[in-house]
**Student:** 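Have a look at the structure that comes next, please.
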Amino acid sequence: PEFRTSNSLEKFRLLRKGMSVDEVTQLIGQPTQITGATELLMIYRPNTAIEIHIKMSPTLMSAQQITRDTVFDLVIN
């Protein structure tokens, strides 16, 4: 399924490189899981078929929608 088909995922389209952890959590909410030391990985699970991985170092570096068969970059610029 394409990313823009789910209204529950629309807020992730507003992510931009350089956002702080506070800006990300204010926009999206708290992640399901956080891992990492130097580079922080914030994991969101908006439903059972999709994970969103947001890499922070210290600001937003990338965001990806991950499904069983695909990886889709959410932050391009």
**Student:** Of all the heavy-atom pairs spanning Gln30 and Thr25, show the shortest one and how long it is.
**Tutor:**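 Where Gln30 meets Thr25 most closely, the heavy atoms are NE2-CB, 3.7 Å.
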**Student:** Is there a side-chain contact between Ile54 and Val75 (heavy atoms, below 4.5 Å)?
**Tutor:** no
**Student:** Tell me which pairs pass salt bridge (Lys or Arg N to Asp or Glu O under 4.0 Å) where either residue lies in residues 52-72, with sequence neighbours left out.
**Tutor:** none
**Student:** I need the minimum non-hydrogen distance between Thr67 and Gln65, along with the two atoms involved.
**Tutor:**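 Looking at all heavy atoms of both residues, the closest pair is CG2-NE2, 4.0 Å.
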**Student:** Hey, what do you get for NZ (Lys11) to CG (Leu27), rounding to the nearest 0.5 Å?
**Tutor:** 8.0 Å
**Student:** Let me check something: do Val21 and Phe12 share a hydrophobic cluster, defined by ILVMFWY side-chain heavy atoms less than 4.5 Å apart, either directly or through other members?
**Tutor:** yes
**Student:** Which ring pair (Phe, Tyr, Trp, His ring centres under 6.0 Å) pairs, counting each pair once, include a residue from residues 15-35, with sequence neighbours left out?
**Tutor:**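 Sorted result for residues 15-35: empty, none.
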**Student:** Linking directly or through intermediates, with side-chain heavy atoms under 4.5 Å: list the remaining ILVMFWY members grouped with Ile66, chain and number order.
**Tutor:** Val71
**Student:** Going by side chain to side chain donor-acceptor pair (under 3.5 Å), name the residues that satisfy it together with Asp73, two or more places apart in sequence or in a different chain.
**Tutor:**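 For Asp73, the residues satisfying side chain to side chain donor-acceptor pair (under 3.5 Å) (neighbours in sequence not counted) are Gln64.
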**Student:** Could you grab the distance from atom CG of Leu74 to atom CD1 of Ile52, nearest 0.5 Å is fine?
**Tutor:**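 Between Leu74 CG and Ile52 CD1, I get 5.0 Å after rounding to 0.5 Å.
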**Student:** Keeping to residues at least two apart or across chains, list the ring pair (Phe, Tyr, Trp, His ring centres under 6.0 Å) pairs with something in residues 18-38.
**Tutor:**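 Qualifying pairs: none.
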**Student:** side-chain contact (heavy atoms from CB on, under 4.5 Å) with Ser20: which residues, sequence neighbours excluded?
**Tutor:**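 Scan of Ser20 (side-chain contact (heavy atoms from CB on, under 4.5 Å), adjacent residues dropped) gives Asp22, Glu23.
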**Student:** Quick test of your reading: applying ring pair (Phe, Tyr, Trp, His ring centres under 6.0 Å), list the pairs with at least one residue in residues 51-70, sequence neighbours left out, ordered by first then second residue.
**Tutor:**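 Listed by first then second residue: nothing to list.
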**Student:** Report the distance from atom CG of Asn47 to atom CG of Leu9, rounding to the nearest 0.5 Å.
**Tutor:** 6.5 Å
**Student:** I'd like a table of donor-acceptor pairs (distance under 3.5 Å, sequence neighbours excluded) in which one partner is a side-chain atom from residues 31-44, with atom names and distances.
**Tutor:**
from	atom 1	to	atom 2	distance (Å)
Thr32	OG1	Arg45	N	3.4
Gln33	OE1	Arg45	NH2	3.0
Tyr44	OH	Gly29	O	2.7

**Student:** For the CE atom of Met61 and the CE atom of Met56, what is their distance to the nearest 0.5 Å?
**Tutor:** 10.0 Å
